[in-house]
Engineer: 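Here's a structure for you.
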Amino acid sequence: MNDATTAARPDQRPGDRTQEIRHDFKAAEPRWQQAWEDRRCFAVPDVPPADAKKYYVLEMFPYPSGKIHMGHVRNYTLGDVVARYKRARGHLVMHPMGWDAFGLPAENAARERGIHPGKWTYDNIANMRAELKRMGLSIEWDREFATCDADYYGRQQKLFLDFYKAGLVERKESWVNWDPVDGTVLANEQVIDGRGWRSGALVEKKKLSQWFFSITRYAPDLLAALGTLDRWPERVKLMQANWIGRSEGARVRFRLAEPVEGRPDHPRARPEGPDQAGAPGIPSPSHSDGNGDPTEAHTEVEVFTTRPDTLFGMSFLAVAAEHPLAAAAAARNPAAAEFVAECRRMGTSEAAIEQAEKRGFDTGFRVAHPFLEGVTFPVWIANFVLMEYGTGAIFGCPGHDERDFEFASKYGLEIRPVVLPPGADPASFALDGKAYTDDGTIFNSGFLDGLDVPAAKRRVIDALEAKGQGTGVVNWRLRDWGVSRQRYWGCPIPFIHCEACGVVPVPDDQLPVKLPDDVDFSRPGNPLDHHPSWKHVACPSCGKPARRETDTCDTFVDSSWYFARFCSPRAADPVTKAAVDAWLPVDQYIGGIEHAILHLLYSRFFTRGMRDTGHLQLAEPFEGLFTQGMVQHESYKSADGRWLYPEEVEFTQANDGTRLAHLKADQSPVTIGRVEAMSKSKRNTVDPGAIIDRYGADTARWFILSDNPPERDMEWTEAGVAGAYRFTQRLYRLAASALPGLPPAGTTAEAAAGEARKLRQVTHRTIAAVTEALDSFAFNVAVARIHEFANAIAEAAEVPEMGAAKREALETIARLSSPMMPHLAEEVWSLLRPDEATLVAQLPWPEPDPALLRAETVTLAVQVLGKLRGTIEVAVGADEATIFALAEAEDNVQRAIAGKPIRKRIHVPGRVVNFVV
RNA sequence: GAGGGCGUGGCGGAAUGGCAGACGCAGGAGACUUAAAAUCUCUCGGGCACCAGCCCAUGCGGGUUCGAGUCCCGCCGCCCUCACCA
């Protein structure tokens, strides 16, 4: 295995006269991958020894689409560098891999090509596993699982039931996208311009009873704990904070001037929220299941506002089209019903585009102002009021809210300013065509007059509370997590519906609820639902015929706890305490920014849920988070407007230096388009397999790391890979060609002096610099330092006493580059230490010698008035007087001073001398 | 609309407030070669001088400082997230 021949490349033509030294990556890479596996270099126990420094590195696991893409290559390369580096630094590193294997594409394959989703998925996994293995990742494959394994989703069902028992699961009604032609529920991404992606039918909104996780219960903690995640990117924390969306305000109840017939099932019967005052989450309209007395009447409407201080500027009240009061209006007035129906039709995605215009309908109902005796305001149905937020009703204050201003202007409602901008005159103040939303002094507002905005908010809330007409509350934007999917290829939700007993959890001893294999995809809809036998079971509680829940879980559930399962992937319970207590949290999690909100928030929720059901002892799953940028590529278009794959295009250079592209097939001109994210539709993709065939895994890894900082988008270029390939060969050649002149392995370089000592200084400074760069995720800088190091080794003087220092340098460069180019590092190491059985993957990280980091002399920049005029070389520790004298004596400095008196001398040790004249 | 981020050579980028452009890619010149590939050497922000050297330059305009790519204020441009969230 440690054969260090310098074989000529097999593809060299016979006429070649140079017997080149070449690194044969095609032979070497599989050989070293086998060596790592044979020695189980990356295996760790489920329960690490007490004295071990554990480190858990995890990259977001892939969806098994069938082939890896460059985004995967980048993601897993970054993770592997961290894993290998931390391992060398003496940590016990867990670095697992698995598959996010449930989801719609498998069902689409089944419908389109008649392949069973399970077979399609497992075949894809086999392909992708093989491709990932070719990258040389330091993954412990023994821990691998797929979320579609019954072994995994069965444990997930156990967690689901535990969450249910802990009150973290609820059933409530919710709207779904319904395709009336296909008779199926559509995911949001299957609705294109309001139509079903397959049938083209207009999508309708339909209400179904569905399963929800009570994520809103943790809203305050999910928000507050963001402050403890100091190894998370700020922008991810910010996005989550915005998503959770805490806002302080008040709920205000408005009495209707006359009672309105209808069931007042909303919004009074809301559960109290986590903040004792707040009530986050889905308003769950009409969930009280018809227990209300149908003869009851609405007597009031509750609104949420963040601006209770503007209550005296009110001119109308508006409710959402889905609000019970809107329903009441629709019941008695066909025009209102028509307006409500229209709003519902606009419900989905095009709403966002279409809804520049605010529209409303006056119900004719009126509400009384809480503080103005005898004053009432009209109740409108408005298309810009959201049922899902707050109470689904607002009071309109056009003077100080832009939306209300627009609405009031359109419908001729009163606009009454109540906040006076600083310095404005209350007698003459008028709005200049738009709402005033900044701070100021309250006026026209009775007992609030003269207060500033925050004080007025407090005062009005006190007054509302005293009258029993409102309270100060905290409101949350976050809604409960609906997990029901009307799909086959997902984790079955473990419940049984019994006519007598209601919703009954599947008993633990009947888990897992396995998906049936014999499913029919020729019919639209959920195959679980129309399976002949699967859903018919006996009720676990009364034994009578009952039916299974046919909904399956949102796949975000699968990925919300996989990191915990990796700690003991074959355990009978979802997790084993000793393993998760030892290994969690994940020390470094790496993945795409596209998961900044949902996946990461759901995982944080799940961890809390698992903590509160006794499975875990921590709240935060990911201690460190790193979000990598996308991989981009130029796009190409043929003359007839077709997108072209990069391999169909070749390039020439015009006389003026511009790049020109042609179609390889017929030399027709090709337009070079923008650099953008690789995508199948634009065909600007590069196949990782082809790159590894041509250049090897080390080259691909090296290029990815060297191009730019990992958090930014990178551009994949042919020239860039070729450059990386050249460096791999250069490094190999550097070692192989020096080998004959080196002293035997183990020769110490301690005594080196002169030129040899200089090389040793470079070696040890590079160790320090690369270490620092890797610690801070500055992989492109680490690569640059290794380039410089290689240059220094190549330029080292050819003196007889250089040998030991050069051996040390070459051994060090192999070890420093090993996290990034693991195969080449092993190859070079085995070249230098042919008799040794040790792999670089098993070696500790090199330690710099402090004595060699210290410099004897230092170069100081000499400035005059802040402008550089020269440099001086001084001994480290020279006294200031000497330094100033030397600096002043420098020719060019003299010229710049030009005889003027020096007013001030500044010396920053090791950096700069500056004279002020 | 709200919130956030980023602007440095032809390109990717480097730079604890202290020699701007490390390192690489692309380009140019040369060596080797019958030729090419590979490899090696030199060069490579702009301008003036072309031997030292000088001036300009980190999106634009101000400011703080002995000294600003870096800190502060105001513009301009691009990107991202949420988007009628009351």
Side-chain angles (χ1 to χ4, degrees), chain A residues 9 12-13 16-18 20-22 233-236 238-243 245 247 249 303-307 310 318 351-352 355-358 382-386 388-397 400-404 406-407 437 475-479 593-594 596-597 653 657-659 675 703 706-709 712-715 717-724 726-727 729-730 733 778 780-791 794 859-871 891-892 895-896 903-917:
Chain A
R9 210 166 59 162
Q12 264 180 323
R13 273 167 286 155
D16 270 1
R17 304 200 316 208
T18 46
E20 282 177 35
I21 300 172
R22 285 205 153 260
E234 284 305 320
R235 63 184 189 126
V236 173
L238 199 73
M239 279 191 240
Q240 292 215 352
N242 290 340
W243 188 262
S247 58
V303 305
F304 172 72
T305 178
T306 57
R307 291 298 302 273
T310 62
Q355 281 189 0
E357 196 193 0
K358 299 197 178 354
N383 67 344
F384 68 95
V385 178
L386 304 174
E388 323 62 79
Y389 185 77
T391 63
I394 60 157
F395 80 78
C397 175
H400 305 285
D401 182 283
E402 282 161 23
R403 295 155 302 187
D404 297 348
E406 194 187 325
F407 190 78
T437 55
N475 199 57
W476 302 84
R477 182 185 172 280
L478 184 68
R479 302 187 220 161
I593 187 76
E594 67 273 18
I597 298 176
Q653 204 169 344
T658 51
R659 261 167 89 237
V675 173
F703 172 52
S706 65
D707 189 62
N708 67 351
R712 297 195 206 166
D713 292 347
M714 74 166 287
E715 186 190 350
T717 61
E718 187 61 27
V721 206
R726 279 201 298 275
F727 184 73
Q729 292 296 348
R730 179 164 181 241
R733 214 164 41 235
N780 57 325
V781 179
V783 166
R785 296 288 96 87
I786 288 171
H787 272 132
E788 288 172 299
F789 190 21
N791 292 342
T859 307
L860 294 182
V862 183
Q863 301 176 336
V864 177
L865 286 169
K867 277 190 202 285
L868 181 73
R869 295 301 172 187
T871 57
D891 273 0
N892 211 38
R895 251 198 305 279
R903 295 216 330 262
K904 196 168 174 186
R905 294 178 171 82
I906 291 142
H907 171 224
V908 182
R911 293 283 184 188
V912 78
V913 173
N914 192 11
F915 295 117
V916 184
V917 297

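Predicted, not measured: the structure shown is a model, and the values here were computed from it. Residue numbering restarts at 1 for every chain, and letters A, B, ... go by the order of the sequence lines.
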Engineer: Closest approach to the side chain of Lys904(A), judged atom by atom: which nucleotide of rA38(B), rA86(B), rC66(B) is it?
Structural biologist: rC66(B)

Engineer: For the side chain of Trp243(A), counting heavy atoms from C-beta on, which of rA83(B), rC19(B), rC56(B) is nearest?
Structural biologist: rA83(B)

Engineer: OP1 or OP2 of rG13(B) versus the side-chain N and O atoms of Arg712(A): is any pair under 4.0 Å?
Structural biologist: yes

Engineer: Of Ala896(A) and Asn708(A), whose closest RNA chain B nucleotide lies nearer the 5' terminus?
Structural biologist: Asn708(A)

Engineer: Determine whether any donor atom in the side chain of Arg726(A) lies under 3.5 Å from an acceptor atom in the base of rA38(B), or the reverse, and answer yes or no.
Structural biologist: no

Engineer: Which heavy-atom pair separates Leu860(A) from Val908(A) by the least distance, and what is that distance?
Structural biologist: CD2-O, 4.5 Å

Engineer: In whole Å, what separates the P atom of rU58(B) from that of rC71(B)?
Structural biologist: 15 Å

Engineer: Expressed as a whole number of Å, how far does the C1' atom of rC44(B) sit from that of rG30(B)?
Structural biologist: 15 Å

Engineer: Looking for any heavy atom pair under 4.0 Å, which part of the strands does Arg903(A) touch: base, sugar-phosphate only, or nothing?
Structural biologist: nothing

Engineer: Quickly work out the Asp891(A) CG to rC54(B) P distance and round it to whole Å.
Structural biologist: 11 Å

Engineer: Searching all strands shown, indicate the nucleotide that pairs with rA29(B) (Watson-Crick or G-U wobble; both distances under 3.5 Å).
Structural biologist: rU41(B)

Engineer: To the nearest Å, give me how far apart CZ (Arg869(A)) and C1' (rG18(B)) are.
Structural biologist: 16 Å

Engineer: Could you identify the nucleotide paired to rG7(B), looking across every strand shown and requiring Watson-Crick or G-U wobble geometry with both distances under 3.5 Å?
Structural biologist: rC76(B)

Engineer: Scan Val385(A) against the nucleic acid and name what it touches under 4.0 Å (heavy atoms): base, sugar-phosphate only, or nothing.
Structural biologist: base

Engineer: With a 4.0 Å cutoff (strictly under), does any side-chain N or O of Asn780(A) reach OP1 or OP2 of rA14(B)?
Structural biologist: yes

Engineer: How close or far is atom P of rA86(B) from atom CZ of Phe384(A), stated in whole angstroms?
Structural biologist: 13 Å

Engineer: Report the distance from atom OG1 of Thr437(A) to atom NE2 of His400(A), rounding to the nearest 0.5 Å.
Structural biologist: 9.5 Å

Engineer: What nucleotide among rU81(B), rG12(B), rC23(B) has an atom nearest to a side-chain atom of Met239(A)?
Structural biologist: rU81(B)

Engineer: What integer number of Å spans the P atoms of rG21(B) and rA14(B)?
Structural biologist: 15 Å

Engineer: Using a heavy-atom cut-off of 4.0 Å across all strands, would you classify Val908(A) as base, sugar-phosphate, or nothing?
Structural biologist: base

Engineer: When the P atoms of rG69(B) and rA35(B) are compared, how many Å lie between them, rounded to an integer?
Structural biologist: 50 Å

Engineer: Consider the side chain of Ala784(A), meaning its heavy atoms from C-beta on, and name the nucleotide among rG4(B), rC40(B), rA22(B) that approaches it most closely.
Structural biologist: rA22(B)

Engineer: Taking the side chain of Leu868(A) as heavy atoms from C-beta outward, which of rC19(B), rG13(B), rC84(B) is closest to it?
Structural biologist: rC19(B)

Engineer: Which is true for Asn914(A) with a 4.0 Å heavy-atom rule: it touches a base, it touches only sugar-phosphate, or it touches nothing?
Structural biologist: base

Engineer: Around Arg905(A), counting heavy atoms of other residues, nucleotides and ligands shown, do more than 12 lie under 6.0 Å from its CZ?
Structural biologist: yes

Engineer: Taking only the side-chain heavy atoms of Arg733(A) (C-beta and beyond), determine which of rC40(B), rG53(B), rA86(B) contains the nearest atom.
Structural biologist: rC40(B)

Engineer: Using atom CD1 of Ile21(A) as one end and atom P of rC40(B) as the other, report the distance to the nearest whole Å.
Structural biologist: 12 Å

Engineer: Answer yes or no: does a side-chain N or O of Arg730(A) lie under 4.0 Å from OP1 or OP2 of rC40(B)?
Structural biologist: yes

Engineer: Within 45° of the axis and under 6.0 Å from the centre of the six-membered ring of Phe384(A), does NZ or CZ of Lys358(A) qualify?
Structural biologist: yes

Engineer: Once you round to the nearest 0.5 Å, how far does CG of Asn914(A) lie from CG of Leu868(A)?
Structural biologist: 10.0 Å

Engineer: In Å and rounded to the nearest 0.5 Å, what is the CD to CG distance from Glu406(A) to Asp401(A)?
Structural biologist: 10.5 Å

Engineer: Given the P atoms of rA36(B) and rA29(B), what is the spacing between them in whole Å?
Structural biologist: 13 Å

Engineer: Among rA86(B), rG4(B), rC19(B), find the nucleotide with the atom closest to the side chain of Thr871(A).
Structural biologist: rC19(B)

Engineer: How close do Arg730(A) and Ala794(A) get, heavy atom to heavy atom, and via which atoms?
Structural biologist: NH2-CB, 3.8 Å

Engineer: What is the nucleic acid contact for Glu788(A), judged by heavy atoms within less than 4.0 Å: base, sugar-phosphate only, or nothing?
Structural biologist: sugar-phosphate

Engineer: Which nucleotide wins on minimum distance to the side chain of Ile906(A), given the candidates rG12(B), rG18(B), rA86(B)?
Structural biologist: rG18(B)

Engineer: Report the distance from atom CD of Glu234(A) to atom P of rG3(B), rounded to the nearest whole Å.
Structural biologist: 17 Å

Engineer: In whole angstrom, give me the gap between the C1' atoms of rC82(B) and rG12(B).
Structural biologist: 31 Å

Engineer: Identify which nucleotide among rA86(B), rA26(B), rA83(B) has an atom closest to any side-chain atom of Arg477(A), counting heavy atoms from C-beta outward.
Structural biologist: rA83(B)

Engineer: Please report, rounded to the nearest Å, how far the P atom of rG67(B) is from the CZ atom of Phe915(A).
Structural biologist: 16 Å

Engineer: To the nearest Å, give me how far apart OH (Tyr389(A)) and C1' (rA83(B)) are.
Structural biologist: 13 Å

Engineer: Nearest heavy-atom pair of Gly390(A) and Phe304(A): which atoms, and what distance?
Structural biologist: CA-CB, 4.1 Å

Engineer: Pick base, sugar-phosphate or nothing for Ser706(A), based on heavy-atom distances below 4.0 Å to the nucleic acid.
Structural biologist: nothing

Engineer: Is Asn791(A) close enough to rG24(B) that one of its side-chain N or O atoms is under 4.0 Å from OP1 or OP2 there?
Structural biologist: yes

Engineer: Compare every heavy atom of Cys397(A) with every heavy atom of Asp404(A), then report the nearest pair and how far apart it is.
Structural biologist: OD2-N, 2.9 Å

Engineer: Asn892(A) has a side chain; which of rC84(B), rG53(B), rA86(B) sits nearest to it?
Structural biologist: rG53(B)

Engineer: Nearest-Å distance, CD (Gln729(A)) to C1' (rG24(B))?
Structural biologist: 18 Å

Engineer: State the pairing partner of rC71(B); accept Watson-Crick or G-U wobble contacts with both distances under 3.5 Å, and report none otherwise.
Structural biologist: rG63(B)

Engineer: Does rG9(B) fall in syn (glycosidic angle within 90° of 0) or anti?
Structural biologist: syn

Engineer: In the strands shown, is rU34(B) matched to any nucleotide by a Watson-Crick or G-U wobble pair with both distances under 3.5 Å, and which?
Structural biologist: none

Engineer: Go through the N and O atoms of the side chain of Glu402(A) and the base of rG1(B), and report whether any donor-acceptor pair is under 3.5 Å.
Structural biologist: no

Engineer: Write down the partner of rU81(B) under the Watson-Crick or G-U wobble criteria, each distance required to be under 3.5 Å.
Structural biologist: rA2(B)

Engineer: Want to settle it: does Thr717(A) or Leu865(A) sit nearer the 5' end of RNA chain B, counting the closest nucleotide to each?
Structural biologist: Thr717(A)

Engineer: For nucleotides rC55(B) and rC40(B), find the distance between their C1' atoms and express it as a whole number of Å.
Structural biologist: 37 Å

Engineer: When you compare rA57(B) with rC42(B), how far apart are their C1' atoms, in angstrom units rounded to a whole number?
Structural biologist: 26 Å

